[in-house]
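In what follows, chains carry the letters A, B, and so on, assigned in the order in which the sequence lines appear, proteins first and then strands, with residues in each chain numbered from 1.
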There are 2 protein chains.
Amino acid sequence: MYRYREIYSDIKRDILTNHYRAGALLPTQEILTEKYQVSRLTLKKSLNLLSDEGLVYSKQGSGTYVRPRMDSQSTEMLPLDLPVGVTYSHRDQKISSKLIHFNARLPTEIEQKNLQILSNDPVYEIKRVRLINKKVYSFEHSVMPVSIAPIDEKVLSGSVYDYLGSHANLQLTDARRVVYAEPANKETSQVLEVSLDSPIFVIDQIAYDQKGRAFEYSTSRFVSNHNKFVLDVHLNKNN
Amino acid sequence: MYRYREIYSDIKRDILTNHYRAGALLPTQEILTEKYQVSRLTLKKSLNLLSDEGLVYSKQGSGTYVRPRMDSQSTEMLPLDLPVGVTYSHRDQKISSKLIHFNARLPTEIEQKNLQILSNDPVYEIKRVRLINKKVYSFEHSVMPVSIAPIDEKVLSGSVYDYLGSHANLQLTDARRVVYAEPANKETSQVLEVSLDSPIFVIDQIAYDQKGRAFEYSTSRFVSNHNKFVLDVHLNKNN
DNA sequence: TAGTGGTCTAGACCACCTG
DNA sequence: AGGTGGTCTAGACCACTAC
């Protein structure tokens with residue numbers, strides 16, 4: 001592994017274990033370069049990572065300070081800046097999927113636009129209910145160009161992202177998410193087992209792979225109040 | 001201005017104006033260092049900024065590629081990773097506030113925890129309706145320690161963040177946001193002029209200043225469907 | 001005035017991709 | 001094997017803060 005990553009992890013651990021106290025000054029960059037036996041630039045790269053994460057902030061001419069830590073996020077909340085795929089979020093829980101609908105068809109105009117495909121490029125349409133410990137969790141409607149990779153019902157019982165990673169050398173690296181609230185329609189209320197018109201939290205997502213191709217357009221619906229999403233925002237990045 | 005920022009802007013402009021086409025290779029770092037007459041490290045810093053923004057991606061041993069551009073976001077959507085303050089989002093629209101409630105009191109337990117204050121540190125409690133072009137837009141309930149800065153009704157007619165920036169040398173640099181959907185209660189439905197139990201999009205926010213102090217705890221409620229929020233996610237940062 | 005962080009250089013070596 | 005990007009160094013100068 002890289003040196004600046006090691007140093008980053010080392011200092012981060014020292015902060016999280018209160019070895020460096022909140023609000024206190026970190027040692028000067030000169031002292032830290034001696035401690036870790038690296039050049040100042042390498043050390044600075046480590047500090048920049050910490051700064052991007054919001055753990056420290058530097059003031060020119062003064063020093064680098066440890067930020068008071070935000071409360072660690074409650075386990076009930078899911079990070080909004082990670083894949084919606086339940087697989088990644090609840091590692092110790094039993095995730096399963098129930099396939100509601102699976103077929104191929106031609107794309108709608110909106111889908112053509114979002115997936116950057118032509119009107120005669122076929123797409124898969126998939127509707128799944130996601131369950132955690134056999135309890136209904138979300139209702140996911142996704143559309144994927146057939147040209148990306150062949151899909152069958154077996155794949156859909158697990159994580160599609162994992163499958164695409166190992167079989168199509170395709171990784172989710174960027175996503176545009178649009179979030180909003182809406183009343184449950186008939187289908188949603190049935191599937192999520194809530195009453196009609198009750199508030200639903202919706203995440204629309206366009207997923208892009210490492211080369212910037214849009215490969216999935218999906219809408220995920222969550223029962224309100226059961227599910228909250230957390231997002232840590234860092235403005236004023238040094239860059 | 002810094003050199004790496006200039007180069008970053010220059011290349012970004014070239015990408016956005018299609019001077020460098022989507023999917024195409026950028027010139028090699030060596031050629032670019034000659035073009036801009038800088039060291040490779042400086043150039044690399046510029047490319048890293050572009051990479052963090054998702055405009056390009058680099059493959060070791062191969063080159064740096066221009067990512068196909070995502071659709072520019074619709075004007076109807078507000079970015080979720082910028083201050084909720086309407087002021088920043090709708091620059092060309094007429095923003096106003098209607099003060100519903102303003103007082104000082106002692107904090108609840110939750111507020112003590114979120115704002116990292118003691119039970120006898122007084123807080124301001126503010127309820128405002130935000131309007132765009134005189135149309136109801138959001139209902140904002142915020143709590144702020146009195147110790148941060150003196151507030152009066154005049155300040156509350158404009159942007160509190162602007163006021164804190166100029167009068168208390170305090171800048172919003174980090175925030176933790178929790179988003180979810182809920183049914184409108186009596187107060188919310190009255191203020192936002194919607195029916196009881198209709199879906200409301202909620203953003204809870206803890207705002208931190210440049211030194212990591214929590215200075216505001218707020219809940220903003222938006223009428224569903226009128227308001228959608230967009231978030232661009234970039235995973236796999238090089239770091 | 002002294003000390004600190006921010007930027008920048010020229011050059012080196014390594015890891016990876018493509019012929 | 002050659003070319004590319006990723007990392008790292010030692011040293012320099014500048015900008016800002018604090019005293």
Chemist: Would you please confirm or rule out a distance under 4.0 Å between OP1 or OP2 of dT4(C) and any side-chain N or O of Ser58(A)?
Modeler: no
Chemist: What parts of residues 6-16 of chain A reach DNA chain D, counting only heavy atoms under 4.0 Å away?
Modeler: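 Within this stretch, nothing sits under 4.0 Å of the strand.
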Chemist: What closest approach, in Å, do Arg67(A) and Ala22(A) show between heavy atoms, and which atom pair accounts for it?
Modeler: O-CB, 4.3 Å
Chemist: Closest approach to the side chain of Tyr4(B), judged atom by atom: which nucleotide of dA10(D), dT7(C), dA10(C) is it?
Modeler: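 My answer, after comparing the listed nucleotides, is dT7(C).
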Chemist: Within this structure, what is the CG-to-C1' distance between Leu41(A) and dT7(D), rounded to whole angstrom?
Modeler: 10 Å
Chemist: Run the ring-centre check on Phe102(A) versus Tyr124(A) and record whether the distance is less than 6.0 Å.
Modeler: yes
Chemist: Taking atom types as modelled, find out whether Tyr36(B) and Asp10(B) have a side-chain donor-acceptor pair closer than 3.5 angstrom.
Modeler: yes
Chemist: Identify the heavy atoms of Leu99(B) and Leu156(B) that sit nearest to each other, and give their distance.
Modeler: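 Heavy atoms of Leu99(B) and Leu156(B) come nearest at CD1-CD1, 3.9 Å.
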Chemist: Please write out the pairs of protein N or O atoms and N or O atoms of nucleotides 12-19 of chain D separated by less than 3.5 Å, giving the distance to one decimal.
Modeler:
unit_1, atom_1, unit_2, atom_2, d
dC16(D), O4', Gln60(A), OE1, 3.0
dT17(D), O4', Gln60(A), O, 3.3

Chemist: Run the side-chain contact (heavy atoms from CB on, under 4.5 Å) check on Asp174(B) and Asp232(A) step by step: do they pass?
Modeler: CA-CA 7 Å; Asp174(B) 291 79; Asp232(A) 285 325; over 6 Å; no
Chemist: Rounded off to whole Å, could you give me the OH-to-P distance for the Tyr36(A) and dT9(D) pair?
Modeler: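 Computing the Tyr36(A):OH to dT9(D):P distance gives 14 Å.
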Chemist: Pair up each side-chain donor or acceptor in residues 25-34 of chain B with any protein partner under 3.5 Å, not counting sequence neighbours, and list the distances.
Modeler:
unit_1, atom_1, unit_2, atom_2, d
Thr28(B), OG1, Ile31(B), N, 3.2
Gln29(B), OE1, Arg40(B), NE, 2.9
Gln29(B), OE1, Arg40(B), NH2, 3.3
Thr33(B), OG1, Gln29(B), O, 3.3
Thr33(B), OG1, Glu30(B), O, 2.5

Chemist: What are the two closest heavy atoms between Arg128(B) and Ser157(B), and how far apart are they?
Modeler: NH1-N, 4.5 Å
Chemist: For Thr42(A) and dT9(D), is the shortest distance between a side-chain N/O and OP1 or OP2 below 4.0 Å?
Modeler: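 Yes, Thr42(A) has a side-chain N/O under 4.0 Å of OP1/OP2 on dT9(D).
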Chemist: With respect to the phosphate group of dG5(D), does any side-chain polar atom (N or O) of Lys44(B) fall under 4.0 Å of OP1 or OP2?
Modeler: no
Chemist: Would you say dG6(D) has OP1 or OP2 under 4.0 Å from some side-chain N or O of Gln29(B)?
Modeler: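 Result: yes.
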Chemist: With a 3.5 Å cut-off and no angle check, do the side chains of Tyr161(B) and Glu216(B) form a donor-acceptor pair?
Modeler: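 Yes, side-chain donor-acceptor contact under 3.5 Å.
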